[in-house]
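What follows is a short report on a single structure.
Nothing here was measured: the structure is a model prediction, and the numbers come from that model. Only this structure's heavy atoms are used, side chains among them; waters, hydrogens and symmetry mates stay out.
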2 protein chains.
Amino acid sequence: MAEESDALDVLFSALANRHRREIIHALALQPHSISQLAALRDLSLPAIHKHIAILEDAGLVTRRKTGRTTHLALERQSLRALQYWLSEFHAYWGSGAETLENYENYLSQSPTTSKE
Amino acid sequence: MAEESDALDVLFSALANRHRREIIHALALQPHSISQLAALRDLSLPAIHKHIAILEDAGLVTRRKTGRTTHLALERQSLRALQYWLSEFHAYWGSGAETLENYENYLSQSPTTSKE
DNA sequence: CCAATAGTTAACTAGAAAGTTAACTATGGT
DNA sequence: ACCATAGTTAACTTTCTAGTTAACTATTGG
């Protein structure tokens, strides 16, 4: 439970960066090597290397070394965790039940505001 | 495009924190005041206040002050941006076309054991 | 073997994030 | 008017993040 929460921390922070999202987009089309990814954006190789480590840590990317080049691929399953988290809110998306308008309307009906 | 990317940065990093996700969960059920949210977790009021500012900044939460209490509600639309981002990958989720296995097969390499 | 390529590691910097305590403002009830 | 409640702001600490350059290891090919 706390671990799951931790995993989401790691997953969300991995995605909270433009470079990393772009890497993910590139990998969604086809695996790339680290140098190929570095060539696509204006970052040093060590910087890319760190981003990839973060993506790998979040389970978003898999690496496999073949000779001297490392091939990276998107780990699609990891995005399912995100989808799953998001799906918890689907039930509310259409309802509007939890808007401030409705809530204040509800509050004005009861004489005393309850705490906790 | 850069702005959209920025918005995603802000959105993802807002979600990359257990406390903030819990706040969001609480607000999905019903609006809460800041003190109510603080009571639910082991954090000082200023800490909660900062989290809420971050959630608000990301467009995830709306606040409305009524007298001396502030009511917060989930802004469901903001989660749609996340859903939208995620949906870009849906096409790949079943395919496996971009896995390392297929790629290396294409490169005529022999597969090795994959990591956890 | 030697040189080029691919990636890794180390050491460092600047700035953001997450929390704290203490002090402050604003509102509501009696 | 007074005091408790609700929230805000300030100042500060600690830790994490994202990048840099420089130096290193490992692999390929002539």
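With D/dG7, D/dA4, C/dG19 as the candidates, the nucleotide lying closest to the side chain of B/Arg68 is D/dA4. The side chain of A/His19 lies closest to D/dG19, out of D/dT9, C/dT8, D/dG19. Looking at the side chain of A/Leu43, the nearest of the listed nucleotides D/dG7, D/dG19, C/dA6 is D/dG19. Taking only side-chain atoms of B/Ile34, from C-beta outward, the nucleotide of C/dT5, C/dA10, D/dG7 with the closest atom is D/dG7.
When the side-chain nitrogen and oxygen atoms of A/His49 are compared with OP1 and OP2 of C/dG7, none of them lie within a distance under 4.0 Å.
Residue contacts shown for A/Leu45 include a base, since a base heavy atom lies under 4.0 Å away. A/Ser44 comes within 4.0 angstrom of a base, heavy atoms only.
Taking a cutoff of 4.0 Å between a charged side-chain nitrogen and a carboxylate oxygen, A/Arg21 and B/Asp9 qualify as a salt bridge.
In this structure a side-chain-to-backbone donor-acceptor pair under 3.5 Å is present from B/Arg20 to B/Ala14. One N or O on the side chain of B/Gln36 and one on the backbone of B/Ser33 form a donor-acceptor pair closer than 3.5 Å.
Taking every heavy atom of both residues into account, B/Ala16 and A/Ser13 meet most closely at CB-N, 3.5 Å.
Counting distance only, with no hydrogens placed and no angle test, the side-chain atoms of A/Lys50 and the base atoms of D/dG19 include a donor-acceptor pair under 3.5 Å.
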